[in-house]
Amino acid sequence: MKRIYMDHAGTTPVRKEVLEAMIPYFTEKFGNASTIYSYGREAKAAIEEAREKVAHLIGADPKEIFFTGGGTESDNWAIRGIAHANKEKGKHIITTSIEHHAVLHTCEDLEKEGFKVTYLPVDKYGLVKVEDVINAITDETILVTIMHANNEIGTIEPIAEIGKALKKLDRKIYFHTDAVQTVGKIPVNVDELGVDLLSISSHKIYGPKGVGALYIRKGTRIKPFITGGAQENKRRAGTENVPGIVGFGKAAELAEQELQEQYKKLSYLRDKLIKGIMEKIPHVILNGHPTQRLPHNVNVCFKYIEGESLLLNLDMKGICASSGSACTSGSLEPSHVLLAIGLPPEIAHGSLRLTLGRDNTEEDVDYVLEVLPGIVQKLREMSPLFPKEGGN
Amino acid sequence: MRETKEVYLDNSATTRIAKEAVDAMVHAMTVAFGNPSSLHRKGMEAERIINEGRETLASLLGVKAREIYFTSGGTESNNLAIKGVAYARRRYGKHLITTAIEHPSVLEVFRQLEEEGFSVTYLSVDKTGHIKLEELEQALKPETILVSIMYVNNEVGSIQPIEDAINIIAKNKNTLFHVDAVQAFGKISLVPNLRGIHLMSLSAHKIYGPKGVGALYVREGTRIMPLFNGGGQESGLRSGTENVPGIAGFAAAAELVFKNLDSWQAKMRELKERLKTGILSEIPDTVLNGPENGAPHILNVSFLGTKAEVLLHALESHGIYVSTGSACSSNKKGKSHVLAAMGKTAEEIDGAIRFSFSPFLSVEDIDYTLEVLKKEVSVLRKFIRR
């Protein structure tokens, strides 16, 4: 049977070039980067090279890149680190209601510690309004954290505009963006975005799991998060994951080289997929913004259908897809993102996210368009909610 | 520049990853590459890998699979254990106990907690690097919520009396016991079923597994606060997409090490004994730091009248890799806090070298090291001494 992986926003396979770059650091170059003899220096040099590549991808200085255990740790570090280092200036944080749980649950946790958090609403496309951000600011506000693009519906937020607006204020409010879904997919530049902190993950860009980075603009007051060792300029303790970091660096380098070409290819396939689904299947809603959208993201809701059974049926046809974020796919709760864009729970339950990647072809898209209508039809016929004869 | 002959004697800093572990990782990176939280086949393949890895570790330790939580490494495990207990149990008391010779990832966390209003007792150690049980007994108070003691010291290889400590701590109903076993796991036999231990930190890259992954054992029913939040992975204790290849490699390495535990332990002890006897009997003015026996893989010796860092580089030029203390602090100017706590003199601390062994070394490697040491130490002493 044909096997098609269309869950690249969940995770990506490690590409061959990345794996090849990592292998020597497992075996002959296995040193601990903190040791002072040649093995250690070799590992240290490899880490610095990777740091340059990651920095280059987002237009940062290598000194502003700190490697972590992944995107979730980066988000937690950014938010908690800023909150705890700046709480004497104020205890108010602004975010949105559609953030990844790594951001939302961290903000909720800080609320228990006495911080105040504003969760901004979004419009029906999932866009946050710049003026809402500015209007939410109080004398107590120390941090704004808004994702660069939403992981479920692919909407790209106006981060640069928010960054500009924040700069016009007469006092410094730190600005963090979770760019886990955008880095390597669309151009990301920390100066153009006007952010002070930016989270990145390796395994979303064909690098290994277990490694990520936090960009911290020079001069930012932030507390270290995991302590006990002088690694990462004393800001993130723990023996460096040298092969992981090397793989991440390689993945970043390749992502930068191929960005334009991949953008073109993916957005073409995305548009074809969206168009095909909308044409071939009735009672469908496209979730997310029609144009201000990640090039690889398709998210739709099929009315009268339960997303989980759709996924299982697709899996039986060899198609790996998701109903929303991978992290919450085990739960029965409807997506907080789909509820925030105004969908009723019964429709939010029928969501399907297809996220394309570099290995997907036009034939893959054709195959999905060939099997999906039949599956949807079959499931609807079994649904008591589906208006049979003459309904709409 | 490397010579043909290479003798890697810094296995407490990190180890060369085993082929079995690399194979398991490559599979997880290329074939079973899914996100374990995904509902489709690729996700389930990945989920199976982490479930199996958890079961492997649990069965090697004689504990339940649901008591094993994967982390990004030993440092994160120590941070999670100590902060997690302190924050979850502060209503029972704000007193904590640890030792003066812990790894920085333990000591730094306790210092941070002191700043936040906890009080910490740092147990002293004797000349060979062992805590004194009477001191632990006296330090325990009704409001003591946590005792954290390392199993094996990373610099001098002293094995702490963990079983005795368990019996003492067990008398205090409110006190949890955390053990940093990063240097003990896979090197010596641990307390069966970890009986009496509530939390234990493990690291993969010290046992021929990959860097960037570790685990925390948390005994069932022990409530601790997570360090960070997000997707709720690892039963909510450690959010973030699981490092599936890392976990696969960790489990493969652990299996390998436990299969060979007795023979590798014997082999390392033999090599250590050979180097120790050779140094102490053939090189004058040398002092053993730590116990006569101790852990099979760690030997710490002071070469009086030399500077350890200079000796380290001299050995490196012969392809021999050692350490001056723990790798984590070797970038810092600071002197070894472990040797200082053992009451070593400044001269002893300045000239201290740690040799840490693997079963993949040979008797010839050790004899070569001894020959080079004899020569280099006497050369250095001519330049430096008096």
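Protein chains get the first letters and strands the later ones, always in sequence-line order, with residue 1 at the start of each.
- Options B/Ser239, B/Gly246, B/Gly73 differ in how many heavy-atom pairs under 4.5 Å they form with chain A, and the most are formed by B/Ser239.
- Contact annotation for A/Glu108: neither backbone nor side-chain heavy atoms come within less than 4.5 Å of a heavy atom of chain B.
- Considering CD of A/Glu240 and NE2 of B/His205, their distance stands at 9.5 Å, rounded to 0.5 Å.
- Atoms CD and CD, from B/Glu76 and A/Glu73 in turn, are 6.0 Å apart once rounded to the nearest 0.5 Å.
- No part of B/Val213 comes within reach of chain A, as not one of its non-hydrogen atoms sits under 4.5 angstrom from that chain.
- Heavy-atom minimum distance, A/Glu308 versus B/Leu39: CG-CD1, 3.7 Å.
- Using a 4.5 Å cut-off between heavy atoms, A/Tyr5 touches chain B through its side chain atoms alone.
- Using modelled atom types and a 3.5 Å distance limit, the side chains of B/Glu316 and A/Tyr39 yield no donor-acceptor pair.
- Contact residues of residues 15-23 of chain A toward chain B are A/Leu19, A/Met22, A/Ile23 (heavy-atom distance under 4.5 Å).
- Closest of all the heavy-atom pairs between A/His101 and B/Gly231 is CB-N, 4.2 Å.
- Ranked by heavy-atom pairs shorter than 4.5 Å toward chain B, the options A/Gly69, A/Gly70, A/Ala321 are led by A/Ala321.
- When atom types are taken as modelled, the side chain of B/Asn79 and the backbone of A/Ile226 share no donor-acceptor pair closer than 3.5 angstrom.
- Counting heavy atoms from C-beta on, the side chains of A/Asp7 and B/Asn35 never come closer than 4.5 Å.
- Residues B/Phe228 and A/Thr72 have side chains in contact (heavy-atom distance under 4.5 Å, counting atoms from C-beta outward).
- Of all the heavy atoms in A/Gly228 and B/His103, the pair that sits closest is O-CE1, 4.1 Å.
- Proximity to chain B (any heavy atom under 4.5 Å) is shown, for A/Ser201, by neither the backbone nor the side chain.
- For the set A/Val14, A/Thr12, A/Leu104, the entry with the most heavy-atom pairs within less than 4.5 Å of chain B is A/Val14.
- The heavy-atom pair separating A/Phe26 from B/Val22 by the smallest distance is CB-CG2, 4.0 Å.
- Side-chain N or O atoms of A/Asp315 include none that pairs as donor or acceptor with a backbone N or O of B/His40 at under 3.5 Å.
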Evaluate the side-chain contact (heavy atoms from CB on, under 4.5 Å) criterion for residues A/Phe30 and B/Thr14: first the C-alpha distance (whole Å), next the side-chain angles of each, then the deciding distance (0.1 Å), finally the verdict.
CA-CA 8 Å; A/Phe30 65 92; B/Thr14 194; 4.2 Å; yes

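- Residue B/Val244 touches chain A through both its backbone and its side chain, counting heavy-atom pairs closer than 4.5 Å.
- Contact annotation for B/Ser203: neither backbone nor side-chain heavy atoms come within less than 4.5 Å of a heavy atom of chain A.
- The two residues A/Asn32 and B/Ala13 have their closest heavy-atom pair at ND2-O, 3.1 Å.
- Of the two parts of B/Leu107, neither the backbone nor the side chain holds a non-hydrogen atom closer than 4.5 Å to a non-hydrogen atom of chain A.
- Salt bridge B/Glu108/A/Lys234: absent, no basic N to carboxylate O contact under 4.0 Å.
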Verify side-chain contact (heavy atoms from CB on, under 4.5 Å) between B/Lys211 and A/Tyr25, making sure each step is shown before the conclusion.
CA-CA 10 Å; B/Lys211 296 178 180 61; A/Tyr25 292 91; over 6 Å; no

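- Relative orientation of the B/Tyr321 and A/Tyr37 rings is tilted, given thresholds of 30° and 60° on the angle between their planes.
- With a 4.5 angstrom heavy-atom cutoff, B/Lys83 touches chain A only via side-chain atoms.
- When heavy atoms are compared at a cutoff of 4.5 Å, B/Ser72 approaches chain A solely by way of its side chain, counted from C-beta outward.
- Evaluation of the salt bridge (Lys or Arg N to Asp or Glu O under 4.0 Å) rule for A/Glu232 yields A/Arg51 as partners, not counting sequence neighbours.
- No donor-acceptor pair closer than 3.5 Å links the side chain of B/Asn229 to the backbone N or O of A/Val103.
- Residue B/Glu45 holds its CD atom at 8.0 Å from SG of A/Cys320, rounded to the nearest 0.5 Å.
- Highest contact tally toward chain B, considering only A/Gly238, A/Pro13, A/Gly210, is held by A/Pro13 [criterion: heavy-atom pairs under 4.5 Å].
- For A/Met316, the part sitting under 4.5 Å from any heavy atom of chain B is the backbone (N, CA, C, O) and nothing else.
- In this structure, the portion of B/Gln112 lying under 4.5 Å from any heavy atom of chain A is its side chain and not its backbone.
- The two atoms that bring A/Gly229 and B/Pro104 nearest to each other are N-CB, 4.3 Å, heavy atoms only.
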